[in-house]
Amino acid sequence: MTAPDAAVLRCEREGAVLTLRLNRPEALNALNGELCAALLRELDAAAADPSVRCVVLAGAGRAFCAGQDLRDPAVAPGDGPRDLGEVVAARYRPLVLRLRSMPVPTLAAVGGVAAGAGAALALMCDLVLARRGASFVQAFAAIALVPDSGTTWVLPRLVGRARALGMTLLGEKLPASQAEQCGLIWKCVDDEAFDAEVGALAARLAAQPARALARTRELLDAGAAGSLEQALDAEAAAQRELGFAADYAEGVAAFAHKRAPRFTDR
Ligand code: LHQ
């Protein structure tokens with residue numbers, strides 16, 4: 001399956017797994033307006049397509065994504081001031097909220113450097129698998145901006161305030177192995193095993209009960225901000241919903257008959 005805008009975003013389908021591959025390798029897959037729009041459109045389409053059960057976000061070439069394209073006329077200083085607030089609100093806010101509310105699990109396959117908003121998009125995915133040679137850069141301070149695209153929300157949640165400040169104020173390249181050690185990402189994988197591990201993990205996620213996984217993400221995000229009582233109430237509400245759903249019956253039947261479950265709910 002090839003998207004109409006294959007030039008900037010490639011849509012690759014393998015079974016129930018949809019890989020959205022940022023495809024501007026000459027600019028380290030930096031995000032311009034066209035790429036942001038294509039990504040949002042394909043994520044919306046995937047969310048509405050019951051045959052998609054896992055979305056992988058990846059990059060073509062040696063990088064995952066260098067963040068906002070600094071040569072994009074919408075942000076490049078030069079011909080006068082630019083309203084960067086408008087750019088983040090119009091392009092990045094919907095992308096971040098879309099990723100965080102996908103009805104299926106999301107996996108970032110970070111094969112190279114992930115910088116600025118590129119790192120933010122990766123960190124918004126449910127799991128991040130990074131090639132050992134990859135790195136994460138909070139590139140905002142180097143161009144005298146604040147972290148955006150949800151970075152100020154997600155970073156301290158993942159690694160705590162001290163590390164979040166260290167990463168954002170200093171903007172150093174954080175190697176994937178250290179990103180794993182400090183809990184920024186799920187796993188760092190040896191370079192030669194990366195593609196196979198991405199495929200295996202995506203296939204495994206696609207076989208999971210998508211609706212239960214999406215509710216789990218919602219509960220963990222809400223739980224981090226709310227009280228214990230709120231978490232208990234939200235868990236009960238979700239458990240009530242899931243208990244009436246087909247996947248629960250299927251999961252218990254599969255357990256009882258010692259067979260693999262076939263989950264279908266989304
Ligand atoms: C690039 C870029 C890039 C264009 C490398 N753009 N060409 C949202 C909206 C509003 C305003 C602004 O902010 C945001 C959110 C953000 O994302 S802000 C952060 C934007 N990103 C950056 O500042 C990262 C800039 N890039 C870098 O720091 C480095 O390139 C990294 C650390 C990503 C990779 O370093 P290297 O591996 O040493 O590669 P390189 O620097 O040699 O870059 C290779 C080419 O890619 C080069 O082009 P050239 O024609 O010289 O070969 C770069 O100019 C181009 N490139 N990032 N964001």
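Atoms within a ligand are numbered from 1 in the order they appear, just like the ligands themselves. Every value quoted in this text rests on a predicted model; they were computed, and no experiment measured them.
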Does ligand 1 come near enough to [X] that some N or O of the ligand is less than 3.5 Å from an N or O of the residue?
| X | answer |
| --- | --- |
| Q68 | yes |
| Y92 | no |
| A117 | yes |

Can you tell which of R71, E26, R24 gets a heavy atom nearest to atom 51 (O) of ligand 1?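 Looking at heavy atoms only, the winner is R71.
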Hydrophobic clusters here meaning ILVMFWY residues chained together by side-chain heavy-atom distances under 4.5 Å, can you tell me if [X] and [Y] are in one?
| X | Y | answer |
| --- | --- | --- |
| L95 | M124 | yes |
| L57 | V96 | yes |
| L213 | V52 | no |

Would you check if the side chain of R98 reaches a backbone N or O of S101 as a donor-acceptor pair within less than 3.5 Å?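 Here the side-chain-to-backbone pair exists.
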For S227, is there any backbone N or O sitting under 3.5 Å from a side-chain donor or acceptor partner on Q230?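 Here the side-chain-to-backbone pair exists.
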Between [X] and ligand 1, find which residue part has any heavy-atom pair under 4.0 Å and reply side chain, backbone, both or neither.
| X | result |
| --- | --- |
| L70 | both |
| R62 | side chain |
| V88 | side chain |
| L31 | neither |

Hey, is [atom] under 4.0 Å from any protein heavy atom?
| atom | answer |
| --- | --- |
| atom 28 (O) of ligand 1 | no |
| atom 46 (O) of ligand 1 | yes |
| atom 24 (C) of ligand 1 | yes |
| atom 17 (O) of ligand 1 | yes |

Do NZ/NE/NH1/NH2 and the carboxylate oxygens of E197 and R204 come within less than 4.0 Å?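 Judged by the 4.0 Å cut-off on N to carboxylate O distance, E197 and R204 do not form a salt bridge.
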Check D265 with R215, please: is the shortest side-chain N to carboxylate O separation under 4.0 Å?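 No, no charged N to carboxylate O under 4.0 Å.
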Against heavy atoms of L145, which atoms of ligand 1 measure under 4.0 Å?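 Heavy-atom distances to L145 below 4.0 Å select 12 (C), 13 (O).
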Does a side-chain heavy-atom distance below 4.5 Å link C125 with L99?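 SC-SC contact between C125 and L99 confirmed.
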